[in-house]
Undergrad: 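I'd like to ask some things about the structure below.
FYI, the numbering just counts along the sequence from 1.
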Amino acid sequence: MNSTFTPKEALQKLEHFCAYQERCHDEVISKLFSLKMTSDEIDFIVVQLIEGNFLNETRFACSFARGKHRIKHWGKIRITNELKARHISSTNITLALKEISPEEYESTFEQLSEKCWNSLQEKNLLKKRKKFCDYMLRRGYESNFIYDKVKEFEEK
């Protein structure tokens, strides 16, 4: 056997790993690969973690969406893309996005766009508009929100 940990030791290690912070299946599986576990051992440990409620994809997705929105001020598009990159199901992604209330989403968008627009020192209005739109799109906000906001700022 070439693994450095027994499945029992690896399970304990992964229980701590999952208890410390919500994890998705991908993170757990790559951690197990780094511990040189076999595919069968990985399957066994993942099932144990799910049964012990250490690993829950829905809980991970909801926590991820709330955190990225509240702390990093990401929009729904960026959150969706990041969750897809972690192979989270579309059902869980939909549930996760419901964690962000429309009022909170709009309020965050307003604050972030105001801050961004006011911090841009660009004199050329077209360049300023482009920088603003690029920034807000990178943050994952919907383009119709962004373009409406730009028009609003330009009319001031």
Undergrad: Please tell me whether Phe17 and Val47 are part of a single hydrophobic cluster in this structure, the criterion being side-chain heavy atoms less than 4.5 Å apart.
TA: no
Undergrad: Closest heavy-atom contact between Ala61 and Ala96?
TA: O-CB, 3.3 Å
Undergrad: How about Val46 and Leu32: do any of their side-chain heavy atoms sit closer than 4.5 Å?
TA: yes
Undergrad: Give the cluster check for Leu112 versus Tyr147: same hydrophobic cluster or not, with ILVMFWY residues linked at side-chain heavy-atom distances below 4.5 Å.
TA: yes
Undergrad: Which heavy-atom pair separates Asn56 from Glu22 by the least distance, and what is that distance?
TA: O-OE1, 4.3 Å
Undergrad: To the closest 0.5 Å, what do you measure between CZ (Phe153) and CG (Asn118)?
TA: 6.5 Å
Undergrad: Minimum heavy-atom separation for Arg59 and Phe54, please, with both atom names.
TA: NH2-O, 3.5 Å
Undergrad: Yes or no on side-chain contact (heavy atoms from CB on, under 4.5 Å) for Tyr105 and Glu142, after CA distance, side-chain angles and deciding distance?
TA: CA-CA 11 Å; Tyr105 191 71; Glu142 294 79 350; 2.7 Å; yes
Undergrad: Side-chain heavy atoms nearer than 4.5 Å, only ILVMFWY residues, links allowed to pass through others: does that put Ile79 and Met136 together?
TA: yes
Undergrad: Do Lys84 and Ile93 have side chains that get closer than 4.5 Å, going by heavy atoms?
TA: yes
Undergrad: Which one of Glu15, Met37, Lys8, Lys31 satisfies the side chain to side chain contact (heavy atoms under 4.5 Å, CB included) criterion with Ile45?
TA: Met37
Undergrad: Could you please spell out the steps behind the ring-ring contact (aromatic ring centres under 6.0 Å, His included) verdict for Tyr141 and Tyr135?
TA: CA-CA 9 Å; Tyr141 286 94; Tyr135 177 79; 9.1 Å; no
Undergrad: Just checking Lys13: does its NZ atom have more than 12 heavy atoms from other residues, nucleotides or ligands closer to it than 6.0 angstrom?
TA: no
Undergrad: Do Phe60 and Ile100 sit in the same hydrophobic cluster, where Ile, Leu, Val, Met, Phe, Trp and Tyr count as joined when their side-chain heavy atoms come under 4.5 Å apart?
TA: yes
Undergrad: Quick one: does Phe132's side chain get under 4.5 Å of Lys149's, heavy atoms only?
TA: yes
Undergrad: Does the side chain of Phe5 come within less than 4.5 Å of Leu11's, by heavy atoms?
TA: no
Undergrad: First locate atom NE2 of His73, then atom CD of Gln111, and finally report the distance between them rounded to the nearest 0.5 Å.
TA: 7.5 Å
Undergrad: Shortest non-hydrogen contact from Asp26 to Ala85?
TA: OD2-O, 4.2 Å
Undergrad: Are any non-hydrogen side-chain atoms of Cys24 and His87 less than 4.5 angstrom apart?
TA: no
Undergrad: Any idea which heavy atoms bring Lys72 and Arg139 closest together, and the distance?
TA: O-NH1, 2.9 Å
Undergrad: For Arg129 and Glu122: C-alpha separation, side-chain torsions, deciding distance, then whether salt bridge (Lys or Arg N to Asp or Glu O under 4.0 Å) applies.
TA: CA-CA 9 Å; Arg129 175 193 289 190; Glu122 189 60 61; over 6 Å; no
Undergrad: Between atom CD of Gln12 and atom OG1 of Thr6, what is the distance when rounded to the nearest 0.5 Å?
TA: 8.0 Å
Undergrad: Could you state the interatomic distance from CZ (Phe64) to CD (Glu99), rounded to the nearest 0.5 Å?
TA: 13.5 Å
Undergrad: Looking at residues at least two apart in the chain, or sitting in another chain, which of them share a salt bridge (Lys or Arg N to Asp or Glu O under 4.0 Å) with Glu104?
TA: Arg70
Undergrad: Going from CD on Gln121 to NZ on Lys128, what distance comes out if it is rounded to the nearest 0.5 angstrom?
TA: 8.0 Å
Undergrad: Taking all heavy atoms of Cys116 and all of Ser119, pick out the closest pair and write down the distance.
TA: O-OG, 2.9 Å
Undergrad: Does any non-hydrogen side-chain atom of Leu14 lie less than 4.5 Å from one of Val28?
TA: yes
Undergrad: Side chains of His25 and Ile50, heavy atoms from C-beta outward: is any pair under 4.5 Å?
TA: yes
Undergrad: Quick one: pull up CZ in Arg23 and OG in Ser63 and give me the separation to the nearest 0.5 Å.
TA: 10.5 Å
Undergrad: Do Arg86 and Glu82 meet the salt-bridge criterion of a basic N to acidic O distance under 4.0 Å?
TA: yes
Undergrad: Could you list the residues that satisfy salt bridge (Lys or Arg N to Asp or Glu O under 4.0 Å) with Arg138, not counting sequence neighbours?
TA: none
Undergrad: Hydrophobic cluster membership, with links at side-chain heavy-atom distances under 4.5 Å among I/L/V/M/F/W/Y: are Phe33 and Phe44 in one?
TA: yes
Undergrad: Do the non-hydrogen side-chain atoms of Trp74 and His69 ever get within less than 4.5 Å of each other?
TA: no
